[in-house]
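Report on one structure; see the data block that follows.
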Amino acid sequence: MIDPQLIRNDLDSVAKQLLKRGFTLDTEQLIALEAQRKMVQVETQALQSERNTRSKSIGKARASGEDIAPLLAEVAELGDQLKAGEARLAEIQFELNEILLGVPNIPHADVPEGKSEDDNVEIRRWGEPTQFDFEPKDHIDLGVALGGMDFETASKITGSRFTVMTGSIARLHRALIQFMLDLHTSEHGYTETYVPYMVNADSLRGTGNLPKFSDDLFKLNGEQEYYLIPTAEVPVTNIVRDVIIDADEMPRKFVCHTPCFRSEAGSYGKDTRGLIRQHQFEKVELVQIVKPQESGAALESLTNSAEQVLQKLGLPYRVVILCGGDIGFSSTKTYDLEVWLPGQQQYREISSCSNFESFQARRMQARWRNPETRKPELVHTVNGSGLAVGRTLVALLENYQDADGKIHIPEALHSYMGGITVIE
RNA sequence: GGAGAGGUGGCUGAGUGGUCGAAAGCGGCGGUCUUGAAAACCGUUGAGGGUUUGUAGCCCUCCCAGGGUUCGAAUCCCUGCCUCUCCGCCA
């Protein structure tokens with residue numbers, strides 16, 4: 001949620017900045033509602049004050065043995081007025097809140113103009129697209145031929161957009177998870193974290209997935225209103241919901257591997273084959289909770305940590321900054337890492353690293369105590385994938401294949417593969 | 001699943017209808033003392049919001065959450081959630 005003070009004091013500027021991402025803010029509606037809010041709130045609080053004063057004097061009168069009947073008569077109507085005012089105020093505030101919860105974050109000045117992913121801007125490249133002296137296969141052909149990837153069985157067990165993996169491919173998939181966790185904990189200073197894979201609606205509101213994006217989520221049908229997590233970002237970031245963090249405990253850096261569940265509603269026909277877009281996939285997520293002035297640097301550092309995974313695996317990639325039209329709802333600024341996929345002859349997203357500034361923190365009431373002001377202030381949150389495991393597996397298979405369809409495991413993973421260096 | 005106990009400020013914990021936003025202790029901050037530190041002593045110390053040019057003043061709300069009773073609720077009633085103990089079951 002953006003700062004309601006900005007809405008009140010700087011509405012036109014906010015509206016203008018939101019246009020960059022193609023979002024039109026209904027300023028007239030907000031101005032009208034805000035005027036009502038002010039009027040009703042001032043009235044209601046005056047009534048509350050009146051009631052408090054009178055109740056106190058009734059208490060005093062009774063204590064000194066006076067007759068309180070006339071005093072009670074005086075306040076007879078106050079209660080009804082007050083209730084009406086409180087109810088009206090609650091309505092207005094609810095309405096305002098619903099609107100504000102639906103307003104996306106203000107894009108950072110660095111974010112380029114643009115309407116779609118075609119307008120994203122490449123920042124840098126690492127490595128060159130892998131060259132082959134044969135026609136490279138895609139991961140589906142490779143995985144199926146090696147007998148380690150089975151989409152048909154998965155669709156029997158569950159349905160489309162699931163996978164069964166077996167043998168060395170399954171092991172490689174697990175090895176990637178271990179490798180990423182070890183790298184981020186031992187070299188990048190992140191704390192390994194284990195969290196629930198089901199979350200409540202408050203947590204999803206905190207990160208910005210609700211109320212707007214319920215279509216993307218799997219909701220459980222049990223007695224509790226629980227959802228399967230779409231990313232570890234949700235449970236991990238909510239660790240600090242309703243918490244005031246000591247300054248000397250900042251920054252907090254979490255790395256967390258979880259499965260992720262996404263309904264992928266609205267993506268019919270997109271990436272229907274293979275591992276690229278599944279209802280269930282594994283991801284290693286990096287989350288940082290930082291002081292406001294440090295979030296810009298934290299995004300760079302976190303992005304770099306994610307890049308390290310690709311570099312150590314020898315996978316060519318590029319970094320793009322998302323344009324206004326493509327950036328996520330809660331983010332002020334996002335870098336995507338795109339890995340080269342020989343099977344598709346293109347770069348595909350494998351990590352998305354974002355700075356949310358105080359947007360999630362405000363929804364979550366996640367704060368730190370600023371030693372300078374001695375007051376609790378909102379933290380900034382930064383996160384990114386480090387990396388999406390399924391897509392990393394795809395990239396490995398496709399980039400490390402040979403003419404015989406064997407997969408040569410990069411050295412960084414050897415210690416995790418129990419002596420296997422080639423999958424055949 | 002059955003039985004019981006309980007949820008109060010950063011923490012421990014008192015408060016069972018009326019100047020209670022809340023005793024006390026710990027912790028934090030400031031000070032005295034000290035070469036410095038510790039100890040001791042003194043002072044101070046919750047959050048959110050409204051109004052406002054205002055970190056000034058004034059006001060409102062908040063004692064798990066949501067309802068209710070009352071002139072008045074941390075305190076009484078109802079519902080939900082969570083925690084703990086015992087029993088049962090169980091990876």
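Protein chains get the first letters and strands the later ones, always in sequence-line order, with residue 1 at the start of each.
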Seminar exercise, completed: Quick note, side-chain hydrogen bond (donor to acceptor under 3.5 Å, both in side chains) partners involving residues 15-30 of chain A, not counting sequence neighbours, are Ser13(A)-Gln17(A)
Problem set entry | Span that lies between the P atom of rU85(B) and that of rU12(B), in whole angstrom | 16 Å
Exercise. Quick one: are the ring centres of Phe213(A) and Phe329(A) less than 6.0 Å apart?
Worked result: yes
For this session: Please report, rounded to the nearest Å, how far the C1' atom of rC82(B) is from the CG atom of Asn200(A).
Result: 12 Å
Problem set entry | Spacing of the P atoms in rG43(B) and rU35(B) (rounded, Å) | 25 Å
Exercise. Should Arg54(A) and Glu50(A) count as an ion pair when the cut-off is N to O under 4.0 Å?
Worked result: yes
Exercise. Listed by chain and number, what are the side-chain contact (heavy atoms from CB on, under 4.5 Å) partners of Asp138(A), not counting sequence neighbours?
Worked result: Ile140(A), Asp141(A), Arg273(A), Glu398(A)
Seminar exercise, completed: CZ of Arg362(A) to CD of Glu357(A), rounded to nearest 0.5 Å, is 10.0 Å
Please list, for nucleotides 48-51 of chain B, all pairs of protein and nucleotide N/O atoms separated by less than 3.5 Å.
from, atom 1, to, atom 2, distance (Å)
rG48(B), OP1, Arg367(A), NH1, 3.1
rG49(B), O2', Gln41(A), NE2, 3.4
rG49(B), N2, Gln45(A), OE1, 3.4
rG50(B), OP1, Arg8(A), NH1, 2.1
rG50(B), OP1, Arg8(A), NH2, 2.8
rG50(B), O4', Gln41(A), NE2, 3.3
rG50(B), O3', Arg37(A), NH2, 2.7
rU51(B), OP1, Arg37(A), NH2, 3.1

Problem set entry | Pairwise P distance, rU45(B) and rA23(B) [rounded to whole Å] | 11 Å
Exercise. When the C1' atoms of rA65(B) and rC71(B) are considered, how many whole Å apart are they?
Worked result: 26 Å
Exercise. Which is true for Asp246(A) with a 4.0 Å heavy-atom rule: it touches a base, it touches only sugar-phosphate, or it touches nothing?
Worked result: nothing
Exercise. Salt bridge or not for Asp271(A) and Arg348(A), using N-O below 4.0 Å?
Worked result: yes
For this session: Please state the C1' separation for the pair rC78(B) and rG88(B) - nearest whole angstrom.
Result: 30 Å
Seminar exercise, completed: Rounded to whole Å, CZ of Arg369(A) lies from C1' of rG46(B) at a distance of 8 Å
Exercise. Can you check whether His279(A) and Phe162(A) have ring centres sitting under 6.0 Å from each other?
Worked result: yes
Protein-nucleic acid N or O pairs under 3.5 Å, nucleotides 28-30 of chain B:
from, atom 1, to, atom 2, distance (Å)
rG28(B), O2', Arg374(A), NH2, 3.3

Problem set entry | Contact state string [nucleotides 65-76 of chain B, B base, S sugar-phosphate only, - no protein heavy atom under 4.0 Å] | ----S-BS----
For this session: On the 0 to 90° scale, with breaks at 30° and 60°, tag the His139(A)-Phe151(A) ring pair as parallel, tilted or perpendicular.
Result: perpendicular
Problem set entry | Pairs meeting criterion side-chain hydrogen bond (donor to acceptor under 3.5 Å, both in side chains) with involvement of residues 248-257 of chain A, two or more places apart | His257(A)-Glu282(A)
Exercise. Relative to the ring of His184(A), is the ring of His188(A) parallel (under 30°), tilted (30 to 60°) or perpendicular (over 60°)?
Worked result: tilted
Exercise. Quick one: is rG18(B) close enough that its OP1 or OP2 comes under 4.0 Å of any side-chain N or O from Asn52(A)?
Worked result: no
Problem set entry | Euclidean distance for C1', rG72(B) against rG17(B) (whole angstrom) | 8 Å
Problem set entry | P atoms of rA5(B) and rC76(B), separation to the nearest Å | 14 Å
Exercise. Going from CD on Glu349(A) to CG on Asp336(A), what distance comes out if it is rounded to the nearest 0.5 angstrom?
Worked result: 4.0 Å
For this session: Quickly work out the Arg88(A) CZ to rC60(B) P distance and round it to whole Å.
Result: 23 Å
Exercise. Taking atom P in both rA22(B) and rC59(B), what distance in whole Å separates the two?
Worked result: 14 Å
